[in-house]
Amino acid sequence: MRCAPNPNGPWHVGHARMPAVIGSYRERYDGWFCVRFDDTDPETKRPDLEAYDAILEDLEYLGFEPDDVYRASDRLETYYDHARELIEMGGAYTCDLPGEEFSELKNAGEPSPNRDKDPETVLSEFEAMIDGEYESGEMVLRVKTDIEHKNPALRDWVAFRMIDTPHPREEASEYRCWPMLDFQSGIDDHLLGITHIIRGIDLQDSAKRQGFVYDYFGWEYPEVVHWGHVQVDAYDVKMSTSTISELIAEGELDGWDDPRAPTLKSLRRRGIRGEAIVESMIGLGTSSSDVDLAMSAVYANNRDLIDDETDRRFLVRDGNQLPLGGSPPEEANPPVHPDYEDRGVREIPVGDSVLLEPEDVPDREERVWLKGLGCFQYTRDVLQYTGEEIDVVREGDVDVVHWVPARESVPVQMRTMDGDVTGRAEPGVADLEADELVQFVRVGFARIDRPVDEADGETVAYYTHS
RNA sequence: GCUCCGAUAGUGUAGUCCGGCCAAUCAUAUUGCCCUCUCACGGCAAUGACCUGGGUUCGAAUCCCAGUCGGAGCACCA
């Protein structure tokens, strides 16, 4: 099988579907899959030189390594050779009709006047195309299909056209005569031994179009599955490489890994495992209708993967400072993970005042349980330590909240899909390293993006999900 | 205009080929309860769907026809 991306930018979430599905088939049937960059349009779908590697990185993040990697722009001579062969069989003709004129004839079921040129003429004109003797738009090579076919989409389609703009890859920059996707991809699928093709409904006519070429060559067409488009909820930004690219250029997004961007690089930075995305994509199946992927499904899969191993920490967002009274313990020792006592406890110095999230500040005279510390009553602007046991919580009238010491806590900036939030975390957070995952208790999971910084003493975290 | 494709709960999916075991599966979501020093994890429960209309049949989610709705192609894009 093959994954045939157009290298015009890093992948968005929807792109994960192809490798997820063919990768799982590879495992199940001991199969083979390659990545083939179908980069045969240096102009309208101009390849981005950085995208080749970016896509391979995204693939690696998802947990896949392709068995082979090809670039269509390396294989032009192969396509030319097959075109020559096709011409000799009388299966293709050069055509200098402007696109609109041909379109009119085609829609009427009328052939192009060039259709019956003899192969020698066609061949010499095609060689001239290869030699770059025509300008863009002057000459194309068409596959001779069935000009009266009831489906107008299949009638005598273009196989090669002239493009004046050089290809961005240096190795391919001298070529001017470029194959269209249907020709290039059709030839390659056969030559690479592809047995099963999965592609979008936008290419649902491709198999029939390419079928004419396969018939000329006497090849057998692979099995094909078409699937619909994927929409992802939870994002304001349209899931389209070109849209995201524009938003980045305009400065609306900070980059491909901005948490608001529906890209794989963004999910990676937020600490979501590629595996969670892959599982969600496999869950979508291969239906040909359009589907909506709920991000909650990705989060649920991810939570399954990371919950057990992720240590707990406290983070208070926009904290209200409250002084403590009544001689509470000097240090709090909540567990590193509530389900794994053997991982030990954290050591949080308490000090003489704490920060609570505004919603957690109790009403006057009410009690509140600071996790890992004890019970306090809010009296005369002070949280008065009551020394009561945990039973008061079990009895049900005391809420349990997280907190941080006002003085010894460390500043944290957390970037989320809905914007940045600031807060302060327990001191241990300053010792975390980049890429570590934490669960901020009662807030959610986060990935440490930048450990504490000398300049501002601040730790930057990316919010994963609840 | 021509041509293709699809339609099961909020979302995704199984079942459709080879009609009965489907008063429809599983996951997620939502809600409630239990557990709990988290609104995490775990456990229990509830909510919730075969697009419409005909036909074939003893019997239709499943087969046939029509319609409706949705998607896609008819590019010198991929």
Side-chain angles (χ1 to χ4, degrees), chain A residues 4-8 37-41 43-47 72 95 97-100 102-103 106-109 134 136-142 149-155 157-163 177-182 184-185 199-206 208-209 226-231 233 241 279-301 303-304 306-308 310 312 314 332 334-335 337-340 369-375 389-394 398-402 439-445 465-466:
Chain A
N6 172 29
N8 63 343
F37 292 103
D38 284 353
D39 54 350
T40 57
D41 182 356
E43 196 163 272
T44 343
K45 296 256 162 137
R46 188 170 177 77
C95 179
L97 238 45
E100 278 180 31
F102 177 80
S103 182
K106 179 202 68 182
N107 288 332
Y134 299 100
S136 172
E138 281 184 346
M139 187 65 88
V140 298
L141 183 76
R142 291 185 182 281
H149 197 284
K150 63 175 181 171
N151 185 349
L154 310 185
R155 297 171 188 166
W157 46 274
V158 172
F160 286 83
R161 83 293 208 191
M162 303 302 299
I163 294 179
C177 176
W178 286 91
M180 299 288 288
L181 175 79
D182 275 319
Q184 172 268 123
S185 162
R199 62 177 153 222
I201 44 173
D202 45 335
L203 263 28
Q204 59 189 329
D205 290 330
S206 278
K208 287 174 187 161
R209 274 207 273 251
H226 295 281
W227 57 25
H229 300 290
V230 187
Q231 290 295 319
D233 65 0
T241 307
E279 282 174 15
S280 306
M281 286 297 174
I282 291 172
L284 290 182
T286 56
S287 135
S288 65
S289 25
D290 291 351
V291 294
D292 292 335
L293 171 68
M295 275 310 283
S296 61
V298 176
Y299 298 158
N301 281 325
R303 212 176 278 125
D304 262 359
I306 67 172
D307 185 56
D308 277 351
T310 305
R312 271 50 177 170
F314 292 152
H337 189 114
D339 299 339
Y340 299 91
W369 184 278
L370 302 191
K371 281 178 74 69
L373 219 202
C375 188
E389 295 296 318
I390 190 64
D391 296 339
V392 297
V393 171
R394 298 203 173 109
V398 179
D399 289 336
V400 176
V401 305
H402 61 288
Q439 190 205 66
F440 289 127
V441 174
R442 303 211 313 141
V443 174
F445 294 90
H465 50 65
S466 60

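Just so we're clear, the structure is a prediction, and the values are computed from it rather than from any experiment. Chain A is the first sequence line, chain B the second, and so forth, proteins listed ahead of strands; every chain is numbered from 1.
- The residue among A/G283 and A/R155 whose nearest nucleotide of RNA chain B is located toward the 5' end is A/R155.
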- Message: Is there a side-chain contact (heavy atoms from CB on, under 4.5 Å) between A/N6 and A/D41? Walk through the geometry before answering.
- Response: CA-CA 9 Å; A/N6 172 29; A/D41 182 356; over 6 Å; no
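- A/D292 comes within 4.0 angstrom of the backbone, heavy atoms only, and of no base.
- Of all nucleotides present, none satisfies the Watson-Crick or G-U wobble test against B/A61 with each distance under 3.5 Å.
- Nucleotide B/C21 forms no Watson-Crick or G-U wobble pair with any nucleotide shown, as no partner meets the under 3.5 Å limit on both distances.
- Counting non-hydrogen atoms under 4.0 angstrom, A/L284 reaches the backbone sugars and phosphates but no base.
- Figure legend. B/C51 is base-paired to B/G67; pairs are counted as Watson-Crick or G-U wobble with both atom distances under 3.5 Å.
- Here A/F440 lies out of heavy-atom contact (under 4.0 Å) with every strand.
- What separates NE2 of A/H337 from P of B/G42 is a distance of 11 Å, to the nearest Å.
- Residues A/D290 and A/Q231 fail the side-chain proximity criterion, which asks for heavy atoms closer than 4.5 Å.
- In this structure, A/K150 atom NZ and B/C2 atom C1' are separated by 11 Å, rounded to whole Å.
- Taking the P atom of each, B/U47 and B/G10 are spaced 14 Å apart, rounded to whole Å.
- Residue A/R394 places at least one side-chain N or O under 4.0 Å from the OP1 or OP2 atom of B/C37.
- Side chains of A/V443 and A/H402 form a contact here, defined as non-hydrogen atoms less than 4.5 Å apart.
- Residues A/V291 and A/W227 are not in side-chain contact: their nearest non-hydrogen atoms beyond the backbone lie 4.5 Å or more apart.
- Of the nucleotides present, none pairs with B/C35 by Watson-Crick or G-U wobble criteria with both distances under 3.5 Å.
- Taking atom P in both B/C50 and B/G12, the straight-line distance is 15 Å, to the nearest Å.
- Side-chain atoms of A/V298 and A/L293, non-hydrogen and from C-beta on, do get closer than 4.5 Å to each other.
- The side chain of A/V291 has B/G12 as its nearest neighbour among B/C37, B/G12, B/U38.
- As rounded to the nearest Å, B/G67 and B/A7 have C1' atoms that lie 14 Å from one another.
- When side chains are defined from C-beta on, A/V401 counts as touching A/L370, because their heavy atoms get closer than 4.5 Å.
- Not one N or O on the side chain of A/R155 forms a donor-acceptor pair closer than 3.5 Å with the backbone of A/A153.
- If you check B/C2 for Watson-Crick or wobble pairing at under 3.5 angstrom, you find it paired to B/G73.
- If you take NE2 of A/H402 and C1' of B/U36, they are 17 Å apart, rounded to a whole angstrom.
- Annotation: side chain of A/P334 is not in contact with side chain of A/R312 (no heavy-atom distance under 4.5 Å).
- If you take CG of A/D399 and C1' of B/U36, they are 14 Å apart, rounded to a whole angstrom.
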- Whether each nucleotide of nucleotides 67-78 of chain B has a protein heavy atom under 4.0 Å at its base (B), only at its sugar-phosphate (S) or at neither (-) is summarised, 5' to 3', as ----BBBBSBBB
- Once each nucleotide of nucleotides 24-30 of chain B is scored for protein heavy atoms under 4.0 Å, what B/S/- sequence comes out, 5' to 3'? ----SS-
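- When side chains are defined from C-beta on, A/R303 counts as touching A/H465, because their heavy atoms get closer than 4.5 Å.
- For B/C41, there is no paired base (Watson-Crick or G-U wobble, both distances below 3.5 Å).
- In this structure, A/D308 and A/G285 both approach RNA chain B, and ranking their closest nucleotides by distance from the 5' end singles out A/G285.
- Within the 4.5 Å cutoff, no side-chain heavy atoms of A/M180 are placed close to those of A/T40.
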